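Here the structure comes first, spelled out in structure tokens, and everything after it is commentary.
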Amino acid sequence: LGMAAPAALQRSVVSPAGRHTASLIFLHGSGDTGQGARAWIKQILNQDMAFQHIKVIYPTAPARPYTPMKGAFSTVWFDRYKISNDCPEHIESIDSMCRGLTDLINDEVKNGIAKNRILIGGFSMGGGMAMHLAYRFHQDLAGVFALSSFLNKDSAVYQALKRNESALPELFQCHGTADELVLYSWGEETNKMLKSLGVSASLHTFPDLNHELNRTEIEKLKSWVVKKLPVEAAKAN
């Protein structure tokens with residue numbers, strides 16, 4: 001196509017304490033960075049979200065003009081016409097970022113990590129991005145998590161799943177009922193739609209939680225991660 005390969009995404013990495021046999025990719029919310037998301041979680045837990053065998057990768061979205069900020073540059077995974085579940089998706093920017101994130105997944109595969117040992121998810125827009133990436137392009141991943149996230153009403157994700165026959169990654173969703181930016185009802189509707197299209201999905205509700213993360217939620221996420229990516233028994237030679 002004569003297009004330059006996209007530059008590799010900058011990333012902040014928490015290495016596993018022991019042998020690396022699985023990977024988790026955490027996508028930050030709009031305007032944040034990988035470093036910022038990692039620091040936020042570290043502040044909530046008083047330590048990094050770290051595992052014995054799982055590498056945690058926090059990539060940073062490249063800066064681009066962002067329509068809800070009147071076209072100002074922001075580190076967002078894709079553009080939006082507005083922050084609403086009732087408008088078309090900006091599909092060109094979503095798909096171009098799916099290519100960049102596919103490179104990141106492929107880097108892990110090159111490191112010897114099978115696709116079914118990779119989880120992807122994120123906070124807010126990061127969770128929306130993860131759902132596009134997994135349910136449209138990488139249905140063989142171990143699972144997806146979406147914290148305070150949503151998909152638009154006629155999402156390309158729903159269109160793709162209507163035509164789908166194969167087994168799908170499980171979805172772990174969390175949402176605060178007091179969220180004023182991404183309404184709880186948007187998250188709930190996303191969960192119901194995905195379930196109706198064959199996704200095994202859970203929705204964990206946090207009363208009084210606004211558009212933020214809290215400790216209980218991250219602890220729940222960690223338990224789910226270890227359940228989806230258990231420690232592999234050492235292979236007998």
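Please read all numbers here as calculations on a predicted model, not as lab measurements.
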Locate the shortest heavy-atom distance separating [X] from [Y]; write the atom from each residue and the value.
X	Y	answer
L27	A130	CD1-N, 4.0 Å
I83	W186	O-CH2, 3.6 Å
A142	P169	C-CB, 4.3 Å
L213	E217	CA-OE1, 3.4 Å
Y81	C87	CB-SG, 4.5 Å

Report yes or no: do [X] and [Y] form a side-chain donor-acceptor pair below 3.5 Å?
X	Y	value
H175	T205	no
S23	E108	yes
W224	E170	yes
N152	E89	no
H28	Q35	no
H20	S15	no
T60	Q10	no
S166	N164	yes

Is there a donor-acceptor contact under 3.5 Å from the side chain of [X] to the main chain of [Y]?
X	Y	answer
Y135	L168	no
H53	L229	yes
R80	H90	no
S30	M125	no
D79	Y66	no
D179	L181	yes
T75	D32	yes
T102	C98	yes
S74	V76	no

Handout entry: H211 and E180: CA distance, side-chain angles, deciding distance, side chain to side chain contact (heavy atoms under 4.5 Å, CB included) verdict
Key = CA-CA 7 Å; H211 195 64; E180 287 162 11; over 6 Å; no
How about [X] and [Y]: do any of their side-chain heavy atoms sit closer than 4.5 Å?
X	Y	answer
P62	L9	yes
L104	I57	yes
K115	H138	yes
K222	M49	yes
F123	S149	no
N46	R215	yes
R38	V14	yes
S93	R64	yes

Whether [Y] and [X] form a salt bridge (side-chain N of Lys/Arg under 4.0 Å from carboxylate O of Asp/Glu) is what I want to check.
X	Y	value
D107	R11	yes
K153	D86	no
E232	R117	yes

Report yes or no: do [X] and [Y] belong to one cluster of Ile/Leu/Val/Met/Phe/Trp/Tyr joined by side chain heavy-atom distances under 4.5 Å?
X	Y	value
L203	F150	no
V182	L147	no
F172	L45	yes
V225	I118	no
F51	Y58	yes

Taking the ring centre of each residue, are F145 and F26 less than 6.0 Å apart?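 Yes, the ring of F145 comes within the 6.0 Å limit of the ring of F26, centre to centre.
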Would you compute the distance between atom [atom1] of [X] and atom [atom2] of [Y] and round it to the nearest 0.5 angstrom?
X	Y	atom1	atom2	answer
I91	S155	CD1	OG	7.0 Å
S148	L209	OG	CG	6.0 Å
K195	T190	NZ	OG1	12.5 Å
L141	K228	CG	NZ	11.5 Å
I120	M129	CD1	CE	8.0 Å
Q173	L221	CD	CG	12.5 Å

Go through it in stages, so that I can follow the logic: the residues are V56 and V13, the test is side chain to side chain contact (heavy atoms under 4.5 Å, CB included), and I'd like the CA-CA distance, side-chain angles, deciding distance and then a yes or no. CA-CA 6 Å; V56 185; V13 174; over 6 Å; no
| query | Under the criterion side-chain contact (heavy atoms from CB on, under 4.5 Å), which of V231, T21, L24 is the partner of I54? | reply |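 For I54, the side-chain contact (heavy atoms from CB on, under 4.5 Å) check succeeds only for L24.
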Quick one: do Y158 and L151 satisfy side chain to side chain contact (heavy atoms under 4.5 Å, CB included)? Show the steps, please. CA-CA 9 Å; Y158 303 149; L151 291 169; 3.6 Å; yes
Decide if atom CG of D154 counts as having more than 12 heavy atoms of other residues, nucleotides or ligands within a radius under 6.0 Å.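 No, because the 6.0 Å sphere around CG of D154 holds 12 heavy atoms or fewer from other groups.
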### Task
Name all residues meeting the ring pair (Phe, Tyr, Trp, His ring centres under 6.0 Å) criterion together with F78; count only those two or more places apart in sequence or in a different chain, and write none if there are none.
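Here no residue qualifies.
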- Item | Full working for side chain to side chain contact (heavy atoms under 4.5 Å, CB included) between I25 and I105 | CA-CA 9 Å; I25 299 168; I105 292 170; 4.0 Å; yes
